[in-house]
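The structure appears right after this line, and notes come after that.
Just so we're on the same page: letters track the sequence lines, and every chain starts at 1.
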2 protein chains.
Amino acid sequence: MKKSEIINKRSLEDQAADLLRQDITNGDLTPGTRLIETALAKEYGLSRGTIRIALHQLGSEGLVTQVPYAGWSVSSLDDQDIWELYTLRATLEGMAARLAAGKICDQGISRLQLSFQRLLALCQGDDLQAITRADLDLHRTIIDLSGHKRLAQQYRLVENQFLAYIAAANRTFDPHLVGKSHQALVTAICNGDGELAEEEAVKNITGFEQLQEELTLHS
Amino acid sequence: MKKSEIINKRSLEDQAADLLRQDITNGDLTPGTRLIETALAKEYGLSRGTIRIALHQLGSEGLVTQVPYAGWSVSSLDDQDIWELYTLRATLEGMAARLAAGKICDQGISRLQLSFQRLLALCQGDDLQAITRADLDLHRTIIDLSGHKRLAQQYRLVENQFLAYIAAANRTFDPHLVGKSHQALVTAICNGDGELAEEEAVKNITGFEQLQEELTLHS
DNA sequence: TTGATACAATTGTCGATCAATCTGACAACT
DNA sequence: AGTTGTCAGATTGATCGACAATTGTATCAA
């Protein structure tokens, strides 16, 4: 553990962006909410210029939208956007799973199994939020094991937008399905079978897409 | 063609970022070049704050790197970075080719063929720069035909870093190979064969990767 | 060689200021 | 009724000047 990661050296710009990002992905700021630079500056105790850079940052991440001279607002997503997030996420996760399987090592297997076991344990209960966090942690572990910085970065963009959408939509799911659906993926990676791992990762996400479709048919 | 796209309403921040981006991807600014906020502000006739936002933008695109309190510089790439760009680009282009094949229409076929023919024609000569531009245009057309905004956006990030690297490395290639290697990809998309199109797109890029490896073996 | 110090360069951050543009409300006109 | 003009308020676009924080470098002493 590096000391440099403990000591707070992050610029205020980044910290402001972090706080806002968290509020959006948590669902505290719902899509459509207006964000006023001066108001945020006063609220965070920072200058307008600092807030401005943070908002531009979030804008490039797709979390907030800017209308020139009119203002910023939390991005809202239409059906096309949701489709884009699902398909892109599937492709990126598939790639990560293939790479991770190709360079898996003992330590990697441990990390993966640990994360997976935690998820399985939580799936016995019904704390949906905790399950979601564990689910995300598992996926992030796979991305991490791929050892691909840019892939991780692009995945984070998709994931954050995805989170903002999920949090706002307030959807529910069956805890039992979540745990099982990851079994094949985890074992494929641990076995070093890249092709199968990629296939399972994609199946994992598009499976949820189908589930999503069924649910929306009712409305 | 929307009139709103003709009238110049772009903010100075964006325009400054565009200019810098172009200089970097063109190779006018080589990796490692230091960028000083005050100097740029004076050079562009803009205030420091405006330049600052442009630099932050380019930073999130991976084109420039920031060392706190020390300065900005044009990003340099090591072997790992190059590998990341190749693999990520292959995956994204593969996805785009698959999607494009799945929704190909007559107009799309026309656009694709036109772009491809232009590339073929240029490959008879030896204007390497023109060939590169035509090559990029063909790839961008495929990305466009996928109808996936986020995919296009993420691809652009990879492409720009790629361009900066290529421009700095000043590599050469055989004009004849470039034209032929795209034939299978184009026909696969026009035939609506998504699986094949994805495969060919990936093969297209990783083929260049192998070529790259051979070249680096000499050094 | 090492360490301490001083100094210059550069970014980090702030605050104030004015211009440009969007928004909404309301009046005027057809 | 529906369109157009006008006005005031809100918000961003952009500039400037100032100072603090940090890094990098050169210098000198032990």
Take A:Q22 and A:D18 through the side chain to side chain contact (heavy atoms under 4.5 Å, CB included) test and state the conclusion after the steps. CA-CA 6 Å; A:Q22 206 159 8; A:D18 287 347; 5.8 Å; no
Salt bridge (charged side-chain N to carboxylate O under 4.0 Å, His left out) for A:E159 and A:R89? Distances and angles first, verdict last. CA-CA 8 Å; A:E159 188 190 29; A:R89 193 181 165 205; over 6 Å; no
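Among the nucleotides C:dT21, D:dT15, C:dT11, the one closest to any side-chain atom of A:Y69 is C:dT21. Distances were taken from every side-chain heavy atom of B:L12 (C-beta onward) to each of C:dG12, C:dC14, D:dA14; the shortest belongs to D:dA14. Among the nucleotides D:dT23, D:dT12, D:dT11, the one closest to any side-chain atom of A:R34 is D:dT11. Between D:dT23, D:dG13, C:dT23, one nucleotide has an atom nearer to the side chain of A:E37 than all others, and that is D:dG13. When distances are taken from the side chain of A:T50 to each of D:dC16, D:dT12, C:dT13, the shortest belongs to C:dT13. When distances are taken from the side chain of A:I36 to each of C:dT11, D:dT11, D:dG24, the shortest belongs to D:dT11.
Residue A:L119 is tested with A:L138, A:D137, A:L136, A:L114 for a side chain to side chain contact (heavy atoms under 4.5 Å, CB included); the sole match is A:L138.
The CZ-C1' distance, from B:R52 to D:dT15, rounds to 15 Å in whole Å. In this entry the distance linking NZ of A:K42 with P of D:dT12 reads 13 Å, nearest Å. B:E13 has its CD atom 12 Å from the P atom of D:dT12, to the nearest Å. Separating the CG atom of B:L40 from the P atom of D:dT15 is a distance of 13 Å, rounded to the nearest angstrom. The interatomic distance linking A:R10 (CZ) with D:dT22 (C1') rounds to 17 Å, in whole Å. Remark: P of C:dG12 and CD1 of A:I51 are 16 Å apart, rounded to the nearest angstrom.
Here A:G71 lies in heavy-atom contact (under 4.0 Å) with sugar-phosphate atoms only. Contact annotation for B:L35: backbone-only contact, meaning every heavy-atom pair under 4.0 Å involves sugar-phosphate atoms and none involves a base.
Distances shorter than 4.0 Å separate none of the side-chain N or O atoms of A:R48 from OP1 or OP2 on C:dG15. Contact check, A:S11 against C:dT11: no side-chain N or O comes under 4.0 Å of OP1 or OP2. Within the 4.0 Å cut-off from OP1 or OP2 of C:dG12, at least one side-chain nitrogen or oxygen of B:Q66 is found.
When all heavy atoms of B:S115 and B:T141 are compared, the pair lying nearest together is OG-OG1, 3.9 Å.
One finds the CD atom of B:E93 at 11.0 Å from the CZ atom of B:R140 (value rounded to the nearest 0.5 Å).
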